[in-house]
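Got a structure here, written out as structure tokens. Questions coming.
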Amino acid sequence: IEELFRRGTWKYTLLLLCMIITWTACPTMVYLTLFAGINPTSDNKWTCISKECTDLVANNSSLLSQFPCKLTKEVDGKTELLLMSSDIEWEMSHSSFAVDFDLNCDVGSTRELKTLLSSIFFAGALTGLIVGGYLFDHIGRKRSALVGYFIAVVITLLGTFCHNYYFLLAIRFFQGIGCFLIATSMYILTSELLPAKYRNYANGWAQCLWALGYPIASGVGYFVKDWNYMFLAAAILLFVFNIQVFFCIESPRYYLMKGDAKSAKKSIEALAALAGTKFGLENTELVDLGKAQEREQSFWQQVVELCSYPGLLLETSILMFLWFFLGMSYYGFNFGWGSIVPNRYLGYLAASVGELIAYISAVPLIARIGRRRAMMLMFVGAAIFYLIAIPEVKLGKNTDWTLESVSCLIGVIFISGCFSGVYLWTAELAPTSHRGFVFCVSSSSARIGSFMGPYIFNNLKHITHKAVPLGGLAVLALLCALGSFILVETGDKETALTGEDVVARRNLHRYRIFQTEK
């Protein structure tokens, strides 16, 4: 791989850059429900479309000046809306599934049902990653990406014809499966086709592509007026931004771990041809594969080795905790900007700019001080701004911006930088024999956190105090900094092939912060 990259032409470089362009379409998938399910406000006018509503207004004309979400009745001890979506028509610039499915008013369990449409995406992502943990290491990175591609495109297209809450719930679940199958597959594949010293830059490129997806997601939500057609637009984006999956080349590392030296040679030759060179491996025997030659790649073998090598188990456990916190924090913010900043669209555009700053800054920071120290620094920075956001301070008499709004937008810069770093670090800490497995369990932990995040910001802070979620996240961020301190710096080390290599690497580790490790 080192030699291929050294000889590489623009075609080889372009392939590597395009392989992870799939990340650009991901934010549209993740945040689609935020734009497709906007609630009407008291500024939106409404008219009656049912006989029941017309009769009700005829008996009390003052109802027309009231907000329908405030008109409720008691039925068997439960509070229900007096006027449902079948009774009234709203004058809104965009259609909304929240209106179509009577989820636009915080009455009964409607807030939880609407939040579930966002969170169920991550339940699907968790399922996809559990399945992917097997697929990545057993059918290959490329084939796993193809499976995710077809699931994501087809299921998103079905959203164009959705007119039922539970059908939409199922669509969101399978969107999560497809999206994270393809995104994780392509990331692992790209990292294995790059020399170690260039992975930091490729990782920064991938994260920037994700951030650039925010304006695209906002554009879909703003310019497409019908919420069903938003799903059609998202399906087209997925089809276009993932077409490169059909043309990418499988990782030779994957074939070697499967013991298929013949396919590994073909993969290397295909990459060499793309780079405009030739290696001539027909009569070459691949040797010096260490423990990879003595093991059989299977799920149970991975589990046995995970338990047999304490260093591998320790690092995997810490990575799972880091991913859990980052998923909960990152998506908690991004599904909560509507209640944190005064303008929903401005909030997502500002978050996009903040993430671009984070991803661009993280590259030189990691290159300068290393993975380990950069992660510790960014986690501490996030904790500080979580705490600053707690006081109730308005930033001006004629503005709705608060200290919380600004602090959270700054805090998400640190969180985004950590997310960028943890992707890179996981790819380098995990040995080739367990890379798909470790990505699976780590990213699955993030999806559990992602599922919880929207509830923390959209529900918990409304029934307690905003100091509860923000203070709790600050404590968890500091624990993540401690976890980063325990992990090993990988920027100056060879990629581990098996769990035995991980143990050998940890034996050389020294728990230092400021001294350079040798």
*Parallel under 30°, tilted from 30 to 60°, perpendicular over 60°: which one fits the rings of His138 and Tyr134?*
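The rings of His138 and Tyr134 lie parallel, inter-plane angle below 30°.
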*Which of these passes side chain to side chain contact (heavy atoms under 4.5 Å, CB included) with Cys69: Asn104, Leu82, Asn39?*
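Answer to the side chain to side chain contact (heavy atoms under 4.5 Å, CB included) test with Cys69 among Asn104, Leu82, Asn39: Asn104.
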*Anything under 30° is parallel, anything over 60° is perpendicular, the rest tilted; go ahead and classify Tyr31 against Tyr331.*
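If you compare the ring of Tyr31 with that of Tyr331, the planes turn out tilted.
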*Under the salt bridge (charged side-chain N to carboxylate O under 4.0 Å, His left out) test, residues paired with Arg371 that sit two or more places apart*: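 Once residues adjacent in sequence are excluded, the partners of Arg371 under the salt bridge (charged side-chain N to carboxylate O under 4.0 Å, His left out) criterion are Glu428.
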*What's the verdict on ring-ring contact (aromatic ring centres under 6.0 Å, His included) for Phe161 and Phe167, showing C-alpha distance, side-chain angles and the deciding distance?*
CA-CA 10 Å; Phe161 314 101; Phe167 185 25; 9.1 Å; no
*List the atom of Cys418, the atom of Leu326, and the distance in Å for their closest heavy-atom pair.*
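Where Cys418 meets Leu326 most closely, the heavy atoms are CB-CD2, 3.5 Å.
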_With rounding to the nearest 0.5 angstrom, report the CG to NZ distance, Leu103 to Lys114._
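Result: 7.5 Å between the selected atoms.
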*Any sub-3.5 Å donor-acceptor pair from Asn228's side-chain atoms to Gly159's backbone N or O?*
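Checked: pair present.
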_Nearest heavy-atom neighbours spanning Glu91 and Asn44_ =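 Reported closest heavy-atom pair: O-ND2, 3.2 Å.
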*Is a donor on one side and an acceptor on the other found under 3.5 Å between the side chain of Thr316 and the backbone of Val438?*
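No; judged by distance alone, with no hydrogens or angles, the pair does not exist.
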*asked:* Ring-plane angle category for Phe67 and Trp90, please: parallel below 30°, perpendicular beyond 60°, tilted otherwise.
replied: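 Perpendicular.
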*Does any N or O in the side chain of Asn203 come within less than 3.5 Å of the main-chain N or O of Arg199, such that one atom is a donor and the other an acceptor?*
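No, the answer is negative, given that no donor and acceptor are paired below the 3.5 Å cut-off.
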_Summary of salt bridge (charged side-chain N to carboxylate O under 4.0 Å, His left out) pairs that have at least one residue in residues 314-325, sequence neighbours excluded_ =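 The answer is Glu315-Arg505, Glu315-Arg506.
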_Between Asp100 (side chain only) and Ser85 (backbone N and O only), is there a donor and an acceptor less than 3.5 Å apart?_
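The answer is no, because no donor-acceptor pair under 3.5 Å joins these two groups.
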*May I ask you to decide if Ala36's main-chain N or O and His94's side chain share a donor-acceptor pair within less than 3.5 Å?*
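No, His94 side chain to Ala36 backbone: no donor-acceptor pair under 3.5 Å.
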_Distance flag, aromatic centroids of Tyr423 and Trp23, threshold under 6.0 Å_ =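 Yes; Tyr423 has its ring centre under 6.0 Å from that of Trp23.
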*Check Phe246 against Lys142 and note the closest heavy-atom contact, atom names and distance.*
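Between these two residues, the closest heavy atoms are O-NZ, 3.5 Å.
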*Using only heavy-atom distances, determine whether the side chains of Ser484 and Trp425 contain a donor-acceptor pair under 3.5 Å.*
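Result is no, nothing qualifies.
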*Look only at the side chain of Thr160 and the backbone of Leu157, and say whether a donor-acceptor pair between them is shorter than 3.5 Å.*
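Here the side-chain-to-backbone pair exists.
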